[in-house]
Structure formats: C-alpha cells, structure tokens
S.K.: 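Have a look at the structure that comes next, please.
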Amino acid sequence: MSIDAMYWVWNHSRSKGTGRHVMLACANWITGPECTVRASTAELVQFSNAARSSVIKAVDALVKSGELQLLEEGCGTRAALYRIPGAVGYLRPERGARGPKTGPLDESQQSGNETPSQNPRGPDSGPQGSENETPRGPESGPHNQDHRNHEEEEASSAAGREITAEEKLEFGRFWQLHPKSRDMDKTKAAWAAAVRDGVDPKKITAAAQAYAHEVVNTEFRYIKQSDRWVRERRYEDKFAPPTPAPGSRPQLRAVSGGWRPFQNPENHDVYDEPLI
C-alpha cells in the first residue's frame with residue numbers, strides 16, 4: 001500500500017516543498033488499505049530535513065486543503081493519526097500500460113475499419129509537435145530560487161528578533177515550574193527559538209505547570225528533561241487538568257469588600273432568618 005500511496009502523492013498531490021515531503025513521509029509509512037499512519041512532529045522533521053516550524057505549518061496547510069486528514073491528535077507519547085484520503089483504494093498503473101488492457105486485439109474485438117494505404121500526417125494521425133509542452137512551475141517541479149530566498153529571509157528575520165525583558169522573566173517562571181529543569185543553556189536556546197517562531201511564552205509556562213502535575217507520580221528518570229521537552233514542542237500536548245488531593249480544602253474565592261472582622265448582631269432575630 002505504501003508504494004501505491006507514494007505513487008498517488010507523486011502524480012496527483014498538489015502539495016509542494018515541505019508539504020510534499022510530509023505527504024511522502026506519511027505515504028511511506030502506510031501499511032493498510034485505510035491509508036492511515038501515526039507520525040509525530042519529530043519524525044516528520046527528521047524525514048523532511050526541514051525546520052520544525054516549517055513542518056507544522058505544512059501539516060496545517062495539508063489538513064486545511066483536505067489532502068491530509070487529522071483523525072486523532074497526538075497526546076503524550078502517542079503520535080497523531082493521519083490519513084491520506086486520495087490514496088484510499090488507489091492502485092498505481094502497471095508500467096507501460098496504456099489502458100485497462102494491453103496487447104493486440106483478436107478478430108472478434110476488431111472493429112473492421114481498415115487503415116488507409118497512405119500515411120497522412122496531421123493532428124489526427126501524427127504527433128502534435130510543439131503543441132505539447134512539458135509543464136513547468138511550482139506545481140510540477142521544485143520551487144524556484146526566489147521562493148527559497150523568501151523562506152530564508154523570513155527565517156533569518158525571525159531568528160534575529162531579540163527576547164524582551166518580560167519574555168526573559170517568563171522563562172524564569174518556566175524554569176521554576178518545569179519538573180525536570182536541566183541544562184539551562186540548551187533549554188534557553190530551544191525556548192528562545194520557539195518564542196521567535198511565534199509561540200506565546202506564557203503558553204509554554206502553563207504547559208510546563210500542567211506537565212508537572214501530570215508526572216507528579218512518575219519516576220524521576222522517566223520525566224522529560226526541560227531542553228528536550230521544549231525542543232520536541234511538548235508544550236503543544238494536551239495535559240490532564242490537575243486533580244485535588246483527597247481531603248484537601250477547596251480553593252477559596254475572593255469576595256468584594258475585603259476582609260471584615262466578625263461582629264455580633266445587635267438584633268438576634270437575624271438568626272431566625274432563612275439562609276440564602
């Protein structure tokens with residue numbers, strides 16, 4: 001099935017650039033007729049040899065176009081489930097085939113029309129000449145140099161943005177909340193790269209806090225180290241909400257008016273009034 005799916009991608013998919021690499025990776029890993037495959041972002045990055053942000057944008061564009069369907073989002077160590085709907089039931093044609101059947105027809109299948117003795121030339125019986133041109137452009141070939149230069153300019157401009165003071169403070173909060181903060185230099189580099197790519201630093205901090213609640217009963221050696229956690233974009237995972245400990249007090253809610261000391265009422269009839 002993977003060969004048929006890859007043939008469909010090469011000849012029928014309208015994807016290009018990193019999106020074409022993502023489609024080929026998914027098609028290469030298909031094993032069943034449903035054309036479904038589990039693939040993580042890290043695997044797609046390794047296969048396509050592209051930046052993680054480019055792979056994520058390509059996957060979003062493919063899902064939006066309908067060429068790739070997201071059946072199940074990734075959660076924890078479980079990769080996302082995708083399907084290539086166009087490759088379902090698709091069979092690649094046999095090499096050299098010109099139709100459903102090839103070879104000379106027997107007498108019962110012949111139409112009885114005879115070929116003229118002369119050799120006429122023209123569009124009906126000869127080659128089309130220069131009318132048939134090989135398609136060129138991004139739809140059937142690699143991107144041109146201008147497109148690549150545009151992507152490189154965007155990447156260089158994002159990489160050159162400086163981290164603000166408020167964002168640096170947010171990194172400190174993230175470092176304190178992550179359950180396994182290790183190797184600050186590598187963690188800070190991965191964190192800064194994610195922020196320059198447009199990720200909200202508060203989202204990373206909130207995800208680290210949720211991850212800490214989720215692995216509270218996990219053996220320490222199995223907890224993701226902070227630099228790998230950020231580099232693998234684990235802040236995009238869906239973590240279970242923290243559950244209160246048995247017997248713990250509920251979180252109190254502040255009321256308007258501030259704190260006031262208790263005073264005995266002068267009229268004791270208020271004790272007979274019904275509670276609201």
S.K.: Walk me through it: do Lys238 and Glu73 pass the test salt bridge (Lys or Arg N to Asp or Glu O under 4.0 Å)?
M.R.: CA-CA 9 Å; Lys238 291 185 178 180; Glu73 294 185 355; 3.1 Å; yes
S.K.: Mind listing the closest non-hydrogen atom pair of Thr205 and Glu170 along with its distance?
M.R.: OG1-OE2, 2.8 Å
S.K.: Kindly give the heavy-atom pair with the smallest separation between Pro85 and Gly66, and that separation in Å.
M.R.: CG-O, 3.4 Å
S.K.: Please tell me if the side chains of Trp191 and Arg196 come closer than 4.5 Å, counting only heavy atoms from C-beta onward.
M.R.: no
S.K.: Grouping I, L, V, M, F, W and Y whenever their side-chain heavy atoms are under 4.5 Å apart, do Leu71 and Tyr82 come out in a common cluster?
M.R.: no
S.K.: Once you measure the plane-to-plane angle for Tyr211 and His178, does it fall in the parallel (<30°), tilted (30-60°) or perpendicular (>60°) bin?
M.R.: tilted
S.K.: State the NZ-CG distance between Lys57 and Leu62, to the nearest 0.5 angstrom.
M.R.: 14.5 Å
S.K.: Looking only at heavy atoms, which two atoms of Gly32 and Ile30 are closest? And how far apart?
M.R.: O-CG2, 3.6 Å
S.K.: Would you say the side-chain atoms of Arg52 pair up with the backbone N or O of Arg231, donor to acceptor, closer than 3.5 Å?
M.R.: yes
S.K.: Please say yes or no: joined through hydrophobic side-chain contacts below 4.5 Å, possibly via intermediate residues, are Tyr235 and Leu177 part of one cluster?
M.R.: no
S.K.: Among side-chain atoms of His12 and Tyr7, is any donor-acceptor pair under 3.5 angstrom?
M.R.: no
S.K.: Should the heavy atoms of other residues, nucleotides or ligands under 6.0 Å from CD of Gln69 be counted, would the total exceed 12?
M.R.: yes
S.K.: Could you measure the distance from the CG atom of Leu68 to the CD1 atom of Ile84? Nearest 0.5 Å is fine.
M.R.: 6.5 Å
S.K.: Once you round to the nearest 0.5 Å, how far does OG of Ser226 lie from CZ of Phe174?
M.R.: 5.5 Å
S.K.: Kindly compute the distance separating NZ (Lys224) from CG (Asp227), expressed to the nearest 0.5 Å.
M.R.: 10.0 Å
S.K.: Which heavy-atom pair separates Val88 from Arg83 by the least distance, and what is that distance?
M.R.: CG2-CD, 4.3 Å
S.K.: Let me confirm one number: the NZ-CZ distance from Lys180 to Arg228, rounded to the nearest 0.5 Å.
M.R.: 9.5 Å
S.K.: Can you name the closest pair of heavy atoms from Ala79 and Ala39 and give their distance?
M.R.: CB-C, 3.7 Å
S.K.: Please step through side-chain contact (heavy atoms from CB on, under 4.5 Å) for the pair His213 and Val216, ending with a clear verdict.
M.R.: CA-CA 5 Å; His213 286 291; Val216 65; 5.9 Å; no
S.K.: Side-chain heavy atoms nearer than 4.5 Å, only ILVMFWY residues, links allowed to pass through others: does that put Val45 and Phe47 together?
M.R.: yes
S.K.: Would you find more than 12 non-hydrogen atoms of other residues, nucleotides or ligands less than 6.0 Å from Asn11 atom CG?
M.R.: yes
S.K.: Given side chains that start at C-beta, do those of Asn28 and Leu24 come closer than 4.5 Å, heavy atoms only?
M.R.: no
S.K.: Between Asp185 and Lys188, is the closest basic N to carboxylate O distance under 4.0 Å?
M.R.: no
S.K.: Determine whether a donor-acceptor pair (N or O, by modelled atom type, separation under 3.5 Å) exists between the side chain of Ser48 and the backbone of Val22.
M.R.: no
S.K.: Given the rule that I, L, V, M, F, W and Y join up when any side-chain heavy atoms are under 4.5 Å apart, are Val230 and Met184 in one cluster?
M.R.: yes
S.K.: If you look at every heavy atom in Glu162 and Glu167, which pair is closest and at what distance?
M.R.: O-OE1, 4.4 Å
S.K.: Identify whether Ile56 and Leu81 are in the same connected component of the hydrophobic contact network (ILVMFWY, side-chain heavy atoms under 4.5 Å).
M.R.: no
S.K.: Nearest 0.5 angstrom please: Met6 CE to Trp29 CH2, how far?
M.R.: 11.0 Å
S.K.: So, does Glu43 use its side chain to make a donor-acceptor pair with the main chain of Ser40 at under 3.5 Å?
M.R.: yes
S.K.: Within a strict 4.5 Å, meaning less than it, do heavy atoms of the Pro201 and Phe171 side chains meet?
M.R.: no
S.K.: Test your reading of the model: is there a side-chain donor-acceptor pair from Ser54 to the backbone of Ala50, 3.5 Å cut-off?
M.R.: no
S.K.: Quick check against the 3.5 Å criterion: does Thr18 have a side-chain atom that pairs as donor or acceptor with the backbone of Ala58?
M.R.: no
S.K.: Quick check: do Arg173 and Gln209 have side-chain heavy atoms less than 4.5 Å from each other?
M.R.: no
